[in-house]
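The structure under discussion appears below in the form of structure tokens.
Fair warning: this is a prediction, and the values are worked out from it, not measured in the lab. Just so it is clear: chains get the letters A, B, ... in the order the sequence lines come, proteins before strands, and each one is counted from 1.
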There are 2 protein chains.
Amino acid sequence: MTEPRWLSDTEMRAWLGYRRMRRLLDLRINRDLAADAGLSEQDYDVLSILSELPDPAIRVGELSERLLWTRSGLSRHLGRMEQRGLVTREDDPDDARGTVVALTETGRGAIRGAAPGHVDSVRRHLIDRLTPAELQVLGDIAEKVLDN
Amino acid sequence: MTEPRWLSDTEMRAWLGYRRMRRLLDLRINRDLAADAGLSEQDYDVLSILSELPDPAIRVGELSERLLWTRSGLSRHLGRMEQRGLVTREDDPDDARGTVVALTETGRGAIRGAAPGHVDSVRRHLIDRLTPAELQVLGDIAEKVLDN
DNA sequence: CGAGGATCGGTTACATGTCAACTATCGGCT
DNA sequence: AGCCGATAGTTGACATGTAACCGATCCTCG
């Protein structure tokens, strides 16, 4: 193996900064969300997707792709959310192998109630700390990283 | 509660982009690290801090602060790493409540062996995809978010 | 001194994620 | 029609994180 190209100061600062930001930012926002609405970040993500859907229900597999989650993890999480009355699961009438997930009224109420506080939290901890130019670049960076 | 300030397009793009980047980037880099070196990201972080220390050992509490980890989580993790022969734990001679953690030769070898591949992985998935200006801004963003 | 609150690290109970294996079903091909 | 590999979702075994609590030790202040 040839000598690797170690990271320069700027590169190291960006990498370590990203790592610490990830930890602290997620910690703060999740804490706010749990305190304000009694929801985890994962709950919020699921509810958010369901509430913005044109259809009343979505296949578990498609939901897992949108969330970038494994099916098994999602299955377990949906079980917990179902028990709390946030979502329902029913057999897909079009494909007996499948299951469709839908929001309950409780779930819809939960996301409606949680959204304002969550947006405020995201603003306080991230968005409002950055300039418009920085927000633009952050979007660019994410796009480049995700572009496989 | 007054009407919240919802996110603009640019803000939403930055936020969702960050979220997706976090998921995918971590997934990729952790996968590489596990495949190349048989280490988890957490293992790497611990070994990395220990290997760059001026002293031969560090207090558990200080390690947990540097890692932004809870003590209990770190305690469990150190137990696992100790069993694998990567680190040792001994009573702190200066404070009988405390424990000091040190790297074993195995642990030092593991981090040395893993570092080149890890740096390469970080480059491939993040650093080398960005321009110097973007790296600078990413560092700035992290600094602002972490401030306070 | 020495009493009592603070601090340290670990453990127990629990939450939540992954991987591999499983069951049920689908659907193309003969 | 019937076979058989592919696909959908769930579950068991396990890894690994947190919060609450515990026993031991430290240290300040009367």
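Nucleic acid contact for B:S72: base, since at least one base atom lies under 4.0 Å from a heavy atom of the residue. In this structure, A:R89 reaches the sugar-phosphate backbone alone: every heavy-atom distance under 4.0 Å involves primed, P, OP1 or OP2 atoms, never a base.
No side-chain heavy atom of B:R108 sits under 4.5 Å from any side-chain heavy atom of B:L47. Proximity of B:V145 to A:L24: side-chain heavy atoms (C-beta onward) are nowhere separated by under 4.5 Å. Looking at heavy atoms from C-beta onward, A:I141 lies in side-chain contact with B:M21 at the 4.5 angstrom threshold.
Rounded to whole angstrom, the span from the CZ atom of B:R31 across to the C1' atom of C:dC19 amounts to 11 Å.
Residue B:H77 is the one, among B:H77 and B:D94, whose nearest nucleotide of DNA chain D lies closer to the 5' end (criterion: closest heavy atom). Nearest-nucleotide mapping onto DNA chain D: of B:Q42 and B:D95, the residue sitting toward the 5' end is B:Q42.
Looking at A:R80 and A:D43, no side-chain N of the basic residue comes within less than 4.0 Å of a carboxylate O on the acidic one, giving no salt bridge.
Within 3.5 Å, no donor on the side chain of A:R76 pairs with an acceptor on the base of C:dT16, nor the reverse.
Remark on the helix from C:dC1-D:dG30 to C:dT30-D:dA1: inter-end axis angle 10°, axes from five-pair C1' superpositions, rounded to 10°.
Below 30°, between 30° and 60°, or above 60°: for B:Y44 and B:H118 the angle between ring planes is between 30° and 60°, a tilted geometry.
Between B:R71 and C:dC8, a side-chain N or O to OP1/OP2 separation shorter than 4.0 Å is present.
The side chain of A:S75 sits closest to D:dT11 out of C:dA6, D:dT11, D:dA6.
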Inset, instruction - Given side-chain contact (heavy atoms from CB on, under 4.5 Å), test B:L67 with B:Q42 step by step and report yes or no. - result: CA-CA 9 Å; B:L67 290 165; B:Q42 293 82 352; over 6 Å; no

